[in-house]
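When a ligand or atom number is given, it counts from 1 through the structure's own listing order.
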Amino acid sequence: MNDIQPGYRYLPLKLEPAAAHVAPSLDHLFRRNVPPAAIFFRVSGSIPARFTRLEPCMSDRLTLLRPDDWHIHLRDGAALPHTVADAARQFARAIIMPNLVPPVRNAAEADSYRQRILAARPAGSAFEPLMVLYLTDGTQPEDVRTAKASGYVFAAKLYPAGATTNSASGVTRIDNIFAVLETMAEVGLPLLVHGEVTRSEIDIFDREKYFIDEQLSRVTERFPSLKVVFEHITTRDAVQFVEAASSNVGATITAHHLLYNRNHMLVGGIRPHFFCLPILKRNVHQEALLDAATSGNPKFFLGTDSAPHAQHAKENACGCAGCYTAFAAIELYAEAFEQRGALNRLEAFASHFGADFYGLPRNTDTITLIRESWSVPANLPFGEHNVVPLRAGETLHWRLEAGA
Ligand SMILES: NC(=O)N[C@@H](CC(=O)O)C(=O)O
């Protein structure tokens, strides 16, 4: 019994009559690739002498081309060494969200933010931040041209004013930026979209669908050559919209929207660390996202929307929106894909489709995930504060191989 360790598979050495009721169910679990920790739990107390430990077999290691994160919030200042180290551990590149206060509005601001990120990289890291402009009512076509020419700005982000964290400077009417969108289409700078309307009479669970019907469909019709990434999609409606759109329209999907639905946030007590925007939806929408992410359709790719807030700002009478997932993002995605029996589709979603959509080369080195159970810390350092990571105090069943 003492030999039983997480991360290994155990098989019967000799089937004794007393174990016969256990062995068939174990076999069934092995075939379904259920994490070993779950197996031990079921058979605890009945195994020792009759079972032997096997070394991890091939399916306990998963090697992928190094992935990129096509949507992340790194924040600024003292938080950067922590958020950048977490992202850089697994991702080669990341699209850096510009919703700082004040926001990143032009190439000069993007350059100085980029320098701060580069300075925060762990020693020896080649992590590459791909900068993004924050569109306001005052953004000019010239800002877009300069940004594109800079070589370090890869997109511009539409935050409808008031839609989410630090969106007060966002766009108040989509028509206000039509001249800018035209220039973006012309110079080849993708538009990234936070797709929610902000009208107070629209229910928070319906805001993505209204955004598609009232705004996004107008943009894609009017600017067919503009590349658009519908960020952190959360609904079946968004999946269907992207599927039906031209190949210039793609979407990012977060790990938390694949793993959770609104019941996880609200049943049995309110869990502030699941609160994010767009908000978790019904399980039918979660299912549609899982279908899309594991479908092999290149329009859907990885974007964590890892969005840390200090613990006190989340566990608050008016808590901030955002889930911190960068500490174990690829592990969380692996768990979601495994639940669907689709681990063989993870690499394309995480490491091929985003780069292809942006017209950038795929990475050439690899990372390896190991099937190994580990406990997520209760909190992690975040500048002068702490951040509570998603799944704090719980167990993850994949781990990125050290030094990967
Ligand atoms: N996703 C979130 O819930 N929050 C993001 C903003 C955003 O992307 O909506 C943040 O910056 O905190």
Side-chain angles (χ1 to χ4, degrees), residues 69-77 79-80 82-84 86-87 94-104 113 117 129-136 155-171 191-198 204-205 207-208 211 215-216 229-235 238 251-262 264-266 270-281 285 289 302-316 318-327 329 332 382-383 385 387-390:
D69 186 350
W70 301 98
H71 184 129
I72 195 169
H73 301 265
L74 294 178
R75 310 307 189 202
D76 207 350
L80 279 180
H82 301 124
T83 56
V84 173
D86 278 352
I95 280 279
I96 312 298
M97 287 297 124
N99 60 333
L100 304 180
V101 186
V104 178
Y113 187 29
I117 295 168
L130 310 177
M131 307 312 291
V132 176
L133 289 196
Y134 181 117
L135 296 172
T136 71
K157 176 86 187 272
L158 165 63
Y159 287 102
T164 186
T165 309
N166 300 341
S167 61
S169 312
V171 174
L191 173 71
L192 315 184
V193 176
H194 182 109
E196 291 189 287
V197 296
T198 55
I204 189 167
F205 291 100
R207 288 180 173 201
E208 189 169 276
F211 184 87
Q215 305 200 25
L216 191 54
V229 183
F230 195 173
E231 298 290 344
H232 43 49
I233 57 169
T234 62
T235 56
T252 54
I253 305 181
T254 77
H256 47 283
H257 287 100
L258 293 176
L259 289 166
Y260 300 108
N261 60 62
R262 64 194 198 181
H264 295 99
M265 180 176 57
L266 296 172
I270 189 159
R271 291 177 176 76
H273 298 291
F274 283 134
F275 175 56
C276 61
L277 288 170
I279 199 161
L280 294 172
K281 305 292 193 302
H285 296 294
L289 297 175
L302 184 157
T304 63
D305 190 22
S306 177
H309 292 272
Q311 182 166 5
H312 65 84
K314 294 282 295 173
E315 297 171 9
N316 189 295
C318 184
C320 294
C323 300
Y324 191 56
T325 53
F327 73 101
L332 290 163
F382 181 58
H385 304 286
V387 59
V388 176
L390 196 82

**Q** Do any nitrogen or oxygen atoms of D305 lie less than 3.5 angstrom from nitrogen or oxygen atoms of ligand 1?
**A**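 Yes, there is a polar N/O contact under 3.5 Å.
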**Q** Go through the side-chain N and O atoms of Y134 and N166 and say whether any donor and acceptor fall under 3.5 Å apart.
**A**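 N166 and Y134 do not have a side-chain donor-acceptor pair below 3.5 Å.
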**Q** If we ignore hydrogens and angles and just use 3.5 Å, is the side chain of K314 paired with the main-chain N or O of F275 as donor and acceptor?
**A**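 Side chain of K314 to backbone of F275: a pair is present.
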**Q** Examine ligand 1 and decide if any of its atoms is less than 4.0 Å from a heavy atom belonging to M97.
**A**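 Distance cut 4.0 Å: M97 fails for ligand 1.
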**Q** Counting only heavy atoms, tell me which of T164, N166, T254, I279 gets closest to atom 7 (C) of ligand 1.
**A**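 The residue whose heavy atom sits nearest atom 7 (C) of ligand 1 is T164.
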**Q** Please determine whether ring pair (Phe, Tyr, Trp, His ring centres under 6.0 Å) holds for the pair H194 and H232, giving the CA-CA distance in whole Å, both sets of side-chain angles, and the decisive distance to 0.1 Å.
**A** CA-CA 8 Å; H194 182 109; H232 43 49; 4.8 Å; yes
**Q** Give the intermediate values and the outcome of side-chain contact (heavy atoms from CB on, under 4.5 Å) for residues K281 and F205.
**A** CA-CA 7 Å; K281 305 292 193 302; F205 291 100; 3.9 Å; yes
**Q** At what distance is the nearest protein heavy atom to atom 3 (O) of ligand 1, and which residue and atom is it?
**A**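 Atom 3 (O) of ligand 1 sits closest to the protein heavy atom L277 N, 2.7 Å.
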**Q** Could you tell me if the ring centre of H312 sits under 6.0 Å from that of H385?
**A**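 Yes, close enough.
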**Q** Based purely on interatomic distance, does T165 place a nitrogen or oxygen under 3.5 Å from a nitrogen or oxygen of ligand 1?
**A**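 Between T165 and ligand 1, an N or O pair is found under 3.5 Å apart.
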**Q** Is it the side chain (CB and beyond), the backbone, both or neither of H194 that lies under 4.0 Å from ligand 1, heavy atoms counted?
**A**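 Under 4.0 Å from ligand 1, H194 contributes side-chain atoms alone.
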**Q** Applying a heavy-atom cut-off of 4.0 Å, say which part of H309 lies close to ligand 1: side chain, backbone, both or neither.
**A**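 The part of H309 near ligand 1 is the side chain, not the backbone.
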**Q** What residue and atom, counting heavy atoms only, is the protein's closest point to atom 8 (O) of ligand 1, and at what distance?
**A**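 Minimum-distance protein heavy atom for atom 8 (O) of ligand 1 reads H73 NE2, 3.2 Å.
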**Q** Would A307 count as being in polar contact with ligand 1, using the rule that some N or O on each side must be under 3.5 angstrom apart?
**A**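 So ligand 1 has no N or O lying under 3.5 Å from an N or O of A307.
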**Q** Atom 4 (N) of ligand 1: which protein heavy atom is closest, and how many Å away?
**A**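 Sorting protein heavy atoms by distance from atom 4 (N) of ligand 1 puts A321 O, 3.1 Å first.
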**Q** Please report the closest heavy-atom contact between L74 and I96, naming both atoms and the distance.
**A**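 Scanning both residues completely, I find the closest heavy atoms to be CD1-CD1, 3.4 Å.
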**Q** Report yes if some N/O of F275 lies less than 3.5 Å from some N/O of ligand 1; otherwise report no.
**A**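 No, since none of the N or O atoms of F275 sits under 3.5 Å from an N or O of ligand 1.
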**Q** List the steps, then state whether side-chain contact (heavy atoms from CB on, under 4.5 Å) holds for T165 with L277.
**A** CA-CA 9 Å; T165 309; L277 288 170; 5.8 Å; no
**Q** Using a 4.0 Å heavy-atom cut-off, say whether R75 meets ligand 1 through its side chain, its backbone, both or neither.
**A**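 Side chain only.
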**Q** Test your reading of the structure: does C276 have an N or O sitting under 3.5 Å from an N or O of ligand 1?
**A**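 Looking only at distances, the answer is no, because the N/O contact criterion of under 3.5 Å is not met.
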**Q** Looking at V388 and Y324, what are the two nearest heavy atoms and their distance?
**A**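 The answer is O-CB, 4.2 Å.
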**Q** Between T234 and P278, what is the shortest heavy-atom contact and its length?
**A**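 Heavy atoms only, the tightest pair is CG2-CB, 3.6 Å.
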